[in-house]
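In what follows, chains are A, B, ... by sequence order, proteins preceding strands, each numbered from 1.
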Amino acid sequence: MNPNQYRQVRLEKLEKLKALGLDVWPRKAERSIGIGGILEAFGGLDGPALEAEPHTVSVMGRIIAYRDSGKTAFLNLSEGGEKLQIYTRKDALSETEWEVVRLLDMGDFISVTGTLMRTKTGELTVKAARVQFLSKALLPLPEKWHGLQDKELRYRQRYLDLVSNPEVLHTFILRSKILAGIRHYMEQQNYLEVETPMMQPIPGGATARPFITHHNALDMALYLRVAPELYLKRLIVGGFHKVYEINRNFRNEGLSVRHNPEFTMMESYAAGEDLRDVMVLTENLFSEMAKLCGGLERPFGENTLSYATPFRRLTLKDAIAQYGAIDRARLERSEDIVQLAKDAHLEDIAKKSPGVLLGELFEHHAEKQLLQPTFITDYPIELSPLTKTLPDNDLFVDRFELFIGGMELANAYSELNDPVDQLGRFMAQMQEREGGNDEAMMLDLDFVNALEHGFPPTGGLGVGIDRMVMLMTNAASIRDVILFPLMRPQTARDETANDADEPE
RNA sequence: GGUUCCUUAGCUCAGUUGGUUAGAGCAGCUGACUCUUAAUCAGCGGGUCCAGGGUUCGAGUCCCUGAGGAACCA
């Protein structure tokens, strides 16, 4: 039975439905209430209560189960991840409608009008008095018990994944609720949502390789943004007090269970604030979202994570010392740091400064072990070209990254607002770039110019929304929380071989 | 980039040491059944075993190359 044979059989049924005089592709469904609404409004009523005071409803949905027993048939309709049983019997329908019921397939959409009842097993059911045919599915649904299991098909044909795996639909419904929850929380904190360019002439705000594209009319290169940071800061210069943006960033990097080339980030900036204020904002955001999703204790893989505030604070060096079982004093001496880097088999050690090596030692020894929410603070200045230095140490900056479940979830600074210092940091990045580091930042002179017009002390934050949703929904892969994750095209490579000049 | 694993019917999966005509369930088709719950019962149809090459008397199974996917490492 190949897909064409299924189509053929169902096309024939469609012709039979037309022959009954039906509009088989009607424009609108008869519907007085949704399935969710029925469950909410009548889910508490028992059989006698429904009989005493009959409720007539019109519902629509996709047929996800069909149990036919002669002159009756039970159907399950699905809408928005909720399902409802329909009871049809020959003697309760017109001859035409009974014919329609017999020509239905799983996957079809119908609307049913009838009264609510309880079956003998107690299930809430609509007893059909009228049936409206809405749409024919020409192709079969995946297996009804196991759903669609093949991961490749689930990502490539997400619509089938959503239809046949209800928990997937619920994950994405929860994602929407988290997004709404974040906006609600930020609004409560008096932040304004803004939108800044996603196509930028100079990509800035993060050390990452950008995607490049071309604008024909202006004949100029444009980059998909790696971060909105430099534009949001311009808004603080312009007089916005507190702003945030939730949108996509694009980074031309590999794919993994934690990385998708386009991912959703929330960035926020608050004038007059510093890193301590941003920490409070951040931990409250996470704990509020955990509450929204069921409670402060959330399962993640093998662990239970607690979002009770305050979150733990740990300096970068302390984290390396603690998780790497390394004498803390050695992290103060450059030659010891180099030796530790060798011990950890880091690459290109000779080319890297002690600060860069500290960052890599942290990733090597500590990152994956930071399961419970932890703020890591006091980053080396080389890793943080947009951040104010610590008051008592100009080699380290006032920055935190938040780690949960072994992943980086957030990144925040006391923003550098000294334009002269900022220009110097850009120059250092330019040197990095010339040295072959294509992740180093590009010089954005207009941004420096904006700072020269006066930029108040500001606390800034970036939160990885996909990873936050992973935590809240206990998803093992970022692909399980992105509706359409990037996949290599399935078409044969020789059909799309015009990218053959791309060096691999 | 490296290592390991996966790809068999529309879907979910079996397939023994390399040996006859590749199996099951769901889905589908025909029939029975007026309260079913993965409905049940009887019968029927459905395969580019990911692709290409090789070894062999014989390959879904072994080897090589490629494609796509998954996990781990860097």
Expressed in whole Å, how much space separates the P atoms belonging to B:U16 and B:C6? 13 Å

Closest to the A:Lys71 side chain, choosing from B:G10, B:G28, B:U34: B:U34

Atom CD of A:Gln157 to atom P of B:G69: distance rounded to whole Å? 14 Å

Would you indicate which nucleotide in B:C13, B:G69, B:C11 comes nearest to any side-chain atom of A:Leu153? B:C11

Go along nucleotides 35-41 of chain B 5' to 3' and tag each nucleotide: B for a protein heavy atom under 4.0 Å from its base, S when only backbone or sugar atoms are that close, - otherwise. BBBBB--

We want to know whether A:Thr119 and A:Thr121 form a side-chain donor-acceptor pair, criterion being a heavy-atom distance below 3.5 angstrom. yes

Measure from the side chain of A:Pro142, starting at C-beta and using heavy atoms only, and say which of B:A71, B:C11, B:G68 lies closest. B:C11

Could you check whether A:Arg118 pairs with A:Asp46 (Lys NZ or Arg NE/NH1/NH2 to Asp/Glu carboxylate O, under 4.0 Å)? no

Identify the heavy atoms of A:Ile110 and A:Leu75 that sit nearest to each other, and give their distance. CD1-CD1, 3.6 Å

Is the backbone of A:Arg31 close enough, under 3.5 Å, to the side chain of A:Ser111 for a donor and an acceptor to pair up by distance? no

Using the C1' atom in both, what is the distance from B:G43 to B:U48, to the nearest Å? 29 Å

Using a heavy-atom cut-off of 4.0 Å across all strands, would you classify A:Arg479 as base, sugar-phosphate, or nothing? sugar-phosphate

Given atom CG of A:Asn165 and atom C1' of B:U12, what is their separation to the nearest angstrom? 11 Å

Looking just at side-chain N and O atoms, do A:His146 and A:Glu143 make a donor-acceptor pair shorter than 3.5 Å? yes

Look at all strands and tell whether A:Gly147 reaches a base, only sugar-phosphate, or nothing, counting heavy atoms closer than 4.0 Å. sugar-phosphate

Whole angstrom value for the distance that separates P of B:C72 from NZ of A:Lys368: 9 Å

Starting at CD1 of A:Ile337, measure out to CD of A:Glu360 and round the result to the nearest 0.5 Å. 12.0 Å

For A:Asp150 and A:Tyr155, test the side chains for any donor-to-acceptor distance below 3.5 angstrom and give the result as yes or no. no

Counting side-chain heavy atoms from CB outward, which of B:A70, B:U34, B:G68 is closest to A:Asp91? B:U34

Looking only at side chains, do A:Arg399 and A:Thr387 share a donor and an acceptor under 3.5 Å apart? no

In this structure, is the centre-to-centre distance between the rings of A:Phe311 and A:Phe400 below 6.0 Å? no

I want to verify a distance call: between B:U12, B:U34, B:G10, whose nearest atom is closest to the A:Asp150 side chain? B:U12

Within the 3.5 Å criterion, strictly below it, is a donor on A:Asp161 or A:Gln157 matched to an acceptor on the partner's side chain? no

Here RNA chain B, pairs taken as Watson-Crick or G-U under 3.5 Å and shown with ( ), [ ] when crossing and | when to another strand, reads (((((((..((((.....[...)))).(((((.......))))).....(((((..]....)))))))))))).

Nearest-nucleotide wise, let me know which of A:Met487 and A:Glu347 is further upstream toward the 5' end of RNA chain B. A:Met487

5'-most contact on RNA chain B: A:Leu148 or A:Lys13, nearest heavy atom basis? A:Leu148

Atom-pair distance (CG on A:Asn260; C1' on B:A70), nearest Å: 16 Å

d(CD1, A:Ile86; P, B:U34) in whole Å: 21 Å

Let me know the distance between CG of A:Leu139 and P of B:C26, rounded to the nearest Å. 21 Å

Taking only the C1' atom of each, what is the distance from B:G2 to B:C13 in whole angstrom? 32 Å

How many Å lie between CG on A:Asn4 and P on B:G28, as a whole number? 18 Å

Side-chain donor-acceptor contact under 3.5 Å, A:Gln85 with A:Tyr87: no

Expressed as a whole number of Å, how far does the C1' atom of B:G19 sit from that of B:A24? 22 Å

Contact class for A:Leu160 (heavy atom, under 4.0 Å): base, sugar-phosphate, or nothing? nothing

B:A38 and B:G18: how far apart are their C1' atoms, nearest whole angstrom? 38 Å

Is the side chain of A:Asn411 donor-acceptor paired with the backbone N or O of A:Leu402 at a distance under 3.5 Å, no angle test? no

Write down the distance separating the P atoms in B:C72 and B:G15, rounded off to the nearest Å. 26 Å

Students often get this wrong, so: under 4.0 angstrom with heavy atoms, is A:Lys127 touching a base, only sugar-phosphate, or nothing? nothing

P gap between B:C64 and B:A27, integer Å: 41 Å

Please report, rounded to the nearest Å, how far the P atom of B:A9 is from the OH atom of A:Tyr6. 12 Å

Can you tell me, in whole Å, how much space there is between the P of B:A51 and that of B:G47? 15 Å

Among B:A70, B:G68, B:G10, the one nearest any side-chain atom of A:Arg488 is B:G68

